[in-house]
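Below, chains carry the letters A, B, ... as their sequence lines are ordered, and counting in each starts from 1.
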There are 2 protein chains.
Amino acid sequence: MVTIKEIADRAGVSRGTVDRVLNNRGKVNPEKEERVRRIAQELGYKPNVAGKGLAARKKHLKLGFICVDDEFAPFFTDVLKGAEKQAEELRQYGVEVLFFITRIEELMDEECLERIVSENAMDGWVINGVLSEHFTRAMKSCGREPVPVIFYNMDEPGADRMAYVGCDYEKSGRLAAGVAALMTDGKARVGVVSVDDGTISSFKARMEGFHMEISERYPEMSVVSQQVMTREKDQFDFFVAVQGMVECHPEINILYLVNPGDYSICQAIRKASTGRDIKIISNDLVEKQRQMVKDGVIAATICQEPEKQGALPLELLFNYLALGMEPMKEYYFTELSIRISQNV
Amino acid sequence: MVTIKEIADRAGVSRGTVDRVLNNRGKVNPEKEERVRRIAQELGYKPNVAGKGLAARKKHLKLGFICVDDEFAPFFTDVLKGAEKQAEELRQYGVEVLFFITRIEELMDEECLERIVSENAMDGWVINGVLSEHFTRAMKSCGREPVPVIFYNMDEPGADRMAYVGCDYEKSGRLAAGVAALMTDGKARVGVVSVDDGTISSFKARMEGFHMEISERYPEMSVVSQQVMTREKDQFDFFVAVQGMVECHPEINILYLVNPGDYSICQAIRKASTGRDIKIISNDLVEKQRQMVKDGVIAATICQEPEKQGALPLELLFNYLALGMEPMKEYYFTELSIRISQNV
DNA sequence: TTGTATGCGTTATCAC
DNA sequence: GTGATAACGCATACAA
């Protein structure tokens with residue numbers, strides 16, 4: 001294995017010089033620089049992770065992880081599980097991860113984010129991309145020098161973030177269409193049910209994918225009706241509306257629960273559709289869904305690796321800040337997996 | 001973070017003594033041992049992975065990976081891809097991984113394995129569990145002291161192996177039944193197609209799972225006919241037999257390709273079933289299958305993480321031999337994922 | 001601009 | 001039995 005020491009010996013310089021060249025710190029004699037680079041190239045130098053990891057402890061890195069914790073968003077419980085596991089891993093390298101967990105309304109409040117950011121000097125941040133604007137403003141207003149930020153779960157392509165780790169929502173919608181087609185011989189009559197509070201553009205992207213896949217591949221499929229709950233609507237009214245939709249459309253054979261918020265709506269649907277053959281397709285696999293999938297109440301659900309959404313951003317920040325490795329790509333899309341009764 | 005040095009200081013002994021106690025090497029004064037253990041316990045000592053990793057280079061570990069490479073088993077190409085990636089990773093820690101790749105007939109020959117084992121002294125082995133008996137015998141006959149062995153892809157529960165990394169084949173069969181049920185409203189009439197050369201007990205386990213799931217959950221489903229190619233049969237005859245099966249059974253609406261060997265059989269099936277509505281379910285996702293799944297020729301395929309089957313065994317051996325961490329479990333079952341056109 | 005010394009946590013080798 | 005010490009590869013503070 002080729003080490004810095006070996007490169008130094010061959011180039012006739014000291015280890016310090018090699019370090020300066022390879023990590024772009026300080027000035028170096030151009031001639032020596034050239035020589036060092038050439039030798040490193042020829043020998044195929046790869047920095048040793050264990051060595052870097054050991055030395056990284058002196059940096060005392062601090063990373064911040066901002067996340068909602070909301071009974072209406074249990075999905076993020078799994079994200080946090082992954083993040084905490086990774087944080088535990090990183091403690092070995094002297095990295096401290098601070099979690100800032102609050103309800104969504106608070107995070108959407110300008111002051112809250114500003115307080116978090118101004119009171120905590122971090123070497124890097126991991127945030128849900130929906131906070132992009134607020135976060136950027138908060139960072140600016142408290143006058144901190146910029147540090148790397150990674151988005152999870154939701155992206156904001158224009159923003160100044162190092163990478164995105166999360167779902168490809170359009171593809172998720174396309175996959176749902178494919179599952180619906182499988183279950184109905186390509187003759188799905190679909191009812192769509194979702195919450196859409198405006199901040200969640202995932203709904204829009206998923207529906208686009210769903211519709212595109214239908215029009216490109218399944219001429220006999222169609223979306224018959226939609227029930228979308230907005231912020232103003234009452235939970236009970238919403239349930240009634242969904243029941244009404246099912247009853248008014250006897251041709252519906254697939255219900256696509258994009259983001260229903262409360263899964264007890266499945267029971268309401270069952271009541272409204274006794275004697276009918278309606279299959280439910282949902283997204284994710286939170287606690288409440290698991291038993292429903294097992295029992296066949298939900299025929300299939302499409303998952304997006306929540307733990308990875310929590311873990312990978314921290315790993316990427318560590319690799320960058322401690323090991324000097326830039327992320328290999330900008331988009332880390334999580335795998336879309338189909339779960340049914342037999343593989344939940 | 002608590003280090004060996006800190007424990008040594010508090011216990012009033014040297015780092016060497018702490019090392020001897022915590023890693024059970026050499027004799028130590030029982031009184032000091034007791035003290036060291038207590039302090040390590042109290043402080044919640046967790047060995048530092050980076051430190052261990054760095055020191056591990058002095059061990060010069062050698063691991064052996066035995067695998068078939070066969071045009072009829074392209075699945076193992078992906079296993080090897082995962083293994084080689086992991087091997088590259090481990091080189092950083094001074095670990096050398098030797099690959100022994102041959103055709104299945106050679107490996108089943110006693111002499112071949114004996115030669116491999118007798119000529120190569122390894123600190124650990126990774127082998128496909130189907131080689132279990134042969135391997136054990138080969139190890140015995142050349143009189144080597146036993147080293148840890150990990151099985152991948154196929155297990156042999158009685159054998160003296162440290163862990164198994166691979167598919168739960170019964171569950172795989174159950175999942176296939178669930179997918180068939182989804183696609184036919186629980187009314188599947190199934191034709192089964194497979195190769196079974198006797199060494200591959202995965203076929204048996206999958207069929208057991210398939211039948212059990214049917215009898216437990218889908219009263220309206222049944223297996224109508226099977227075509228299994230044995231070693232003696234001719235490839236061409238086999239194709240004809242499968243075509244015959246499809247034509248003789250107009251009620252067949254699902255074909256379960258458990259392990260067809262050659263996927264061009266899908267084309268033969270298509271020819272024999274023009275105008276019919278037959279859906280093909282297969283296992284794995286080798287090169288040839290990918291396009292077929294994309295095009296809908298194969299409606300769904302069930303995957304079992306081949307790369308992980310190659311990578312994880314090496315990682316487990318390294319963790320054990322270099323970091324002193326025992327595997328957390330005996331069975332590492334790979335995830336069973338359903339792939340359709342939209343998520344291949 | 002360059003080299004040297006030291007430390008990160010663990011392990012192996014000596015000398016006692 | 002035990003303790004001191006030198007690696008392992010890298011980063012950095014300091015000296016030249």
Could you tell me how the ring of B:F318 sits relative to the ring of B:Y93: parallel (under 30°), tilted (30 to 60°) or perpendicular (over 60°)?
tilted
Per B:N48 side chain, nearest of listed nucleotides C:dT10, D:dC10, D:dG3:
C:dT10
Salt bridge flag under 4.0 Å for residues A:R103 and A:D69
no
Rounded to the nearest Å, what distance is computed from the CG atom of residue A:D19 to the C1' atom of nucleotide C:dG7?
15 Å
A:M325 CE to D:dC10 C1', straight-line distance once rounded to whole Å:
15 Å
Nearest-Å distance for atom pair CD/P, residues A:E31 and C:dT1:
14 Å
Check every strand shown and say whether A:V49 touches a base, only sugar-phosphate, or nothing at a heavy-atom separation below 4.0 Å.
nothing
Within the pair B:T17 and D:dT2, is there a side-chain N or O less than 4.0 Å away from OP1 or OP2?
no
Other residues, nucleotides, ligands: >12 heavy atoms within 6.0 Å of B:E114 CD
yes
Reckon B:N29 touches a base, only the sugar-phosphate, or nothing at all at heavy-atom distances under 4.0 Å?
sugar-phosphate
Side chain of B:S14: nearest nucleotide among D:dG3, D:dC10, C:dG3?
D:dG3
Select base, sugar-phosphate, or nothing to describe what B:Y45 touches, counting heavy atoms under 4.0 Å on all strands.
sugar-phosphate
Please work out if B:R20 contacts a base, only the sugar-phosphate, or nothing of the nucleic acid, heavy-atom cut-off 4.0 Å.
base
Whole-Å gap separating C1' (C:dC8) and CG (A:L54)
4 Å
Candidate nucleotides D:dG3, D:dC8, C:dG3, ranked by approach to the side chain of B:K32 - the nearest:
D:dG3
Heavy atoms only, 4.0 Å cut-off, all strands: where does B:K5 land among base, sugar-phosphate and nothing?
nothing
Residue B:K27, side-chain atoms from C-beta onward, closest of D:dG1, D:dT2, C:dT1
D:dG1
Atom-pair distance (CZ on A:R25; P on D:dC10), nearest Å
12 Å
What integer distance in Å separates B:M1:CE from C:dG7:P?
19 Å
Look at B:R161 together with B:E330 and state whether they make a salt bridge at an N to O cut-off of under 4.0 Å.
yes
Any base atoms under 4.0 Å from A:K52, or only sugar-phosphate, or nothing? Heavy atoms, all strands.
sugar-phosphate
Separation of C:dA12 atom P from B:I4 atom CD1, nearest Å, is 11 Å
Which part of the nucleic acid, if any, lies within contact of B:R15, taking any heavy atom under 4.0 Å across all strands shown: a base, the sugar-phosphate backbone alone, or nothing?
base
Basic-acidic side-chain contact under 4.0 Å: B:R37, B:E33:
yes
Please determine whether any donor N or O and acceptor N or O are separated by less than 3.5 Å between the side chain of B:K58 and the base of C:dA12.
no
Fit a plane to each ring of A:F99 and A:F65, take the angle between them on a 0 to 90° scale, and name the class: parallel (under 30°), tilted (30 to 60°) or perpendicular (over 60°).
tilted
Between D:dT12 (P) and A:N24 (CG): distance, integer Å:
13 Å
